[in-house]
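In what follows, a single structure is set out as structure tokens and then discussed.
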Amino acid sequence: MNIVIVEDDIFLREELQNILQKEGYSVESISSFDTPLEAIIACKPGLVLLDLNLPNLSGFQICRHLKSKGIGPILVLTARNQIRDELHALELGADDFLTKPCHPKRLLARIKKLQQLYAKMPVLLKSGMFQLDLKTHELYVAEQSLLLSENESTMMKVLMQAAPSIVKKEQLFYELWGSSAYVDQNILQVNMTRLRKTLAKIEMAHHIKTIRGVGYQLAGHDS
């Protein structure tokens, strides 16, 4: 599991990173808070350890946005110990709430519990009329469903997370193959054509728009 730490206190951030790495977790930390949402999503978190008192965007705002993109679980770790803060975080989709200072064993136990809970749950990403199960690659639209290939699922996930914004070709190359350096440029178009053909089975191919010279967009619905 890749744990992403969202904490602006550098000393606590490093302490948390050391605790988690000693337990064998892959850990990444957000150290710049200019564009925290993009930074968190780029890390592909298996779990987000989230403070509430952050510069620019609050932890509440980050929590709401991440959950709307199907990202989780989210464990809030904060110095704010008012019941209203805990209830508000849980209402926005946080999966657990701990106050600082927190004993490392308590933190690790809560992380392990969330890990076990999420392992048994479908992970649904919702965007407009679309729902994508990130584990099984099944796409649901109203009463209809499709089983996508792994590449189709990856492309659909990126488009849904960004909707209604445009996804650049470079981002899709990165998500699919890690880089565009050694990949035939036409392969992305081939894969997008396959996704459109699959969506055509339920008359949804027209929702993927080509933005010439830039990338693709999931359009025609509320995101």
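Keep in mind it's a predicted model, so treat the numbers as computed, not measured. Positions are given from 1, in the same order as the sequence printed here.
Counted within 6.0 Å of NZ on Lys67, heavy atoms from surrounding residues, nucleotides or ligands total more than 12; the atom is thus considered enclosed. Tyr174 OH: 12 or fewer foreign heavy atoms inside a 6.0 Å radius.
Of the listed residues (Asp8, Asp34, Ile62, Thr35), just one forms a side-chain contact (heavy atoms from CB on, under 4.5 Å) with Asn56, and that residue is Asp34. Applying the side-chain contact (heavy atoms from CB on, under 4.5 Å) test between Val6 and each of Leu37, Ile40, Leu57, Leu77 identifies Ile40 as the sole match.
Considering CG of Leu92 and NE2 of His65, their distance stands at 13.5 Å, rounded to 0.5 Å. In this structure, CD1 on Ile71 lies 4.0 Å from CD1 on Ile41, to the nearest 0.5 angstrom. The SG atom of Cys102 sits 8.5 Å away from the CG atom of Leu108 when rounded to the nearest 0.5 Å. How far CD of Gln21 is from OG of Ser26: 8.0 Å, rounded to the nearest 0.5 Å. Note that CD1 of Ile74 and CG of Leu47 are 8.5 Å apart. Values are rounded to the nearest 0.5 Å.
Residues Trp177 and Thr154 form no side-chain contact, since every pair of their non-hydrogen atoms from C-beta on lies 4.5 Å or further apart. Put simply, the side chain of Glu175 reaches to within 4.5 Å of the side chain of Lys44, judged on heavy atoms. Within the 4.5 Å cutoff, the side chain of Leu49 has heavy atoms near those of the Leu16 side chain. Between Gln189 and Arg194, the closest side-chain pair of non-hydrogen atoms is not below 4.5 Å. For the pair Asp51 and Lys100, the minimum side-chain heavy-atom distance is below 4.5 Å. Leu124 is not listed as a side-chain neighbour of Leu132, based on a closest heavy-atom distance of 4.5 Å or more. Residues Leu52 and Val76 have side chains in contact (heavy-atom distance under 4.5 Å, counting atoms from C-beta outward).
The heavy-atom pair separating Gln217 from Pro164 by the smallest distance is NE2-O, 2.6 Å. For the residue pair Phe97 and Arg80, the shortest heavy atom distance occurs at CZ-O, 3.6 Å. Closest approach of Gln17 and Val27 over heavy atoms only: CG-CG1, 3.8 Å.
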Take Lys169 and Val214 through the side-chain contact (heavy atoms from CB on, under 4.5 Å) test and state the conclusion after the steps.
CA-CA 6 Å; Lys169 292 179 181 179; Val214 181; over 6 Å; no
Starting from the C-alpha separation in whole Å, work towards a yes-or-no answer on side-chain contact (heavy atoms from CB on, under 4.5 Å) for Lys112 and Met1.
CA-CA 10 Å; Lys112 192 168 292 185; Met1 174 191 278; over 6 Å; no
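Following chains of ILVMFWY side-chain contacts shorter than 4.5 Å, one can reach Leu125 starting from Leu199, so the two form part of one hydrophobic cluster. Note on Leu134: it clusters hydrophobically with Leu172, by side-chain heavy-atom contacts below 4.5 Å among ILVMFWY residues. No path of Ile, Leu, Val, Met, Phe, Trp and Tyr side chains, each step under 4.5 Å between heavy atoms, connects Leu107 with Val48, placing them in separate hydrophobic clusters. Residues Met192 and Phe173 are members of one and the same hydrophobic cluster, defined by side-chain heavy-atom contacts under 4.5 angstrom among Ile, Leu, Val, Met, Phe, Trp and Tyr. Residue Leu114 is not grouped with residue Leu50 when hydrophobic side chains (ILVMFWY) are merged at heavy-atom distances under 4.5 angstrom, including chains of intermediate members.
Checked by atom type and distance alone, the side chain of Asn18 pairs as donor or acceptor with a backbone atom of Glu14 at under 3.5 Å. For His207 (side chain) and Ala219 (main-chain N/O), a donor-acceptor pair under 3.5 Å exists by modelled atom type.
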